[in-house]
Amino acid sequence: TTEAETITLIALDNVKVKVVQADDNQVLFNGELTRGETRTITKHGPILVTHDIGKNLQFEKNGVRFRPSVDGYGRARLV
């Protein structure tokens, strides 16, 4: 079993997000974040993050912020 980690989703503007744990397909979050909202997700192993407007979303893990590689609709695999 993989050790639990957290990752924070940060909405730069309104964005719909779905987070699925890759190992067991468990949905960890599925909903809309409004501008300025954050959501911390506890995960085990890699996750798949699907978003409708990538430029409106940031991730934070271990104090480092990063963005999806796609500005529009897309999916990111995060370890």
Side-chain angles (χ1 to χ4, degrees):
T1 179
T2 323
E3 198 173 308
E5 297 180 297
T6 60
I7 191 163
T8 301
L9 309 175
I10 302 160
L12 303 177
D13 208 331
N14 297 357
V15 60
K16 291 180 183 170
V17 184
K18 183 176 182 181
V19 181
V20 178
Q21 199 159 261
D23 292 346
D24 60 6
N25 290 323
Q26 180 182 351
V27 176
L28 303 179
F29 177 75
N30 188 12
E32 186 165 348
L33 298 174
T34 57
R35 182 182 194 136
E37 189 176 355
T38 62
R39 181 68 55 110
T40 299
I41 307 288
T42 299
K43 69 181 195 68
H44 297 270
I47 55 173
L48 298 173
V49 181
T50 306
H51 50 77
D52 67 341
I53 307 172
K55 68 181 180 180
N56 292 351
L57 182 64
Q58 279 187 338
F59 310 111
E60 184 173 312
K61 182 178 175 185
N62 300 326
V64 177
R65 286 191 182 194
F66 51 100
R67 301 179 73 148
S69 57
V70 179
D71 282 346
Y73 179 85
R75 179 185 283 174
R77 179 180 168 94
L78 306 176
V79 293

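Both backbone and side-chain heavy atoms feed into the values below; hydrogens, waters and symmetry mates do not. Index from 1, following the sequence. Here the structure is a predicted model, which means the values were calculated and not measured.
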Problem - Verdict with reasoning, T8 to T38, per side chain to side chain donor-acceptor pair (under 3.5 Å) - result: CA-CA 7 Å; T8 301; T38 62; over 6 Å; no

Problem - Straight-line distance of D52 CG to K18 NZ, nearest 0.5 Å - result: 13.5 Å

Practice task
Rounded to the nearest 0.5 Å, what's the gap from CG on L9 to CD1 on I41? Could you check?
Solution key: 5.0 Å

Problem - Over all atoms of both residues, closest heavy-atom pair of F29 and R39 - result: CE1-NH1, 3.1 Å

Exercise for the section: Determine whether V19 and V15 fall in the same hydrophobic cluster, where Ile, Leu, Val, Met, Phe, Trp and Tyr are linked whenever their side-chain heavy atoms lie under 4.5 Å apart. Expected result: yes

Handout entry: Closest heavy-atom pair and its distance - Y73, V70
Key = O-CG1, 3.5 Å

Practice task
Determine the minimum heavy-atom distance between L57 and P68, stating which atoms define it.
Solution key: O-CD, 3.1 Å

Fill in the blank from the handout: Here the gap from R65 atom CZ to Q58 atom CD, rounded to the nearest 0.5 Å, amounts to 5.5 Å

Exercise for the section: Consider only side-chain heavy atoms of I, L, V, M, F, W and Y, link residues closer than 4.5 Å, and tell whether L12 and I7 are in one cluster. Expected result: no

Exercise for the section: Side-chain contact test, heavy atoms from C-beta onward, threshold under 4.5 Å: evaluate it for Q21 versus H44 and give yes or no. Expected result: yes

Problem - Any donor-acceptor N/O pair, R75 side chain to H51 backbone, under 3.5 Å - result: no

Practice task
Among L28, D23, V20, find the residue that satisfies the side-chain contact (heavy atoms from CB on, under 4.5 Å) test when tested with I47.
Solution key: L28

Problem - Polar side-chain atom of E32 near backbone of V17 as donor-acceptor pair, under 3.5 Å - result: no

Practice task
Say whether, by atom type as modelled, one donor and one acceptor occur between the side chain of K61 and the main chain of V79 under 3.5 angstrom.
Solution key: yes

Exercise for the section: Nearest 0.5 Å please: distance from the CG atom of L78 over to the CD atom of E5. Expected result: 10.5 Å

Exercise for the section: For N14 and R35, indicate whether the former's side chain and the latter's backbone hold a donor-acceptor pair under 3.5 Å. Expected result: yes

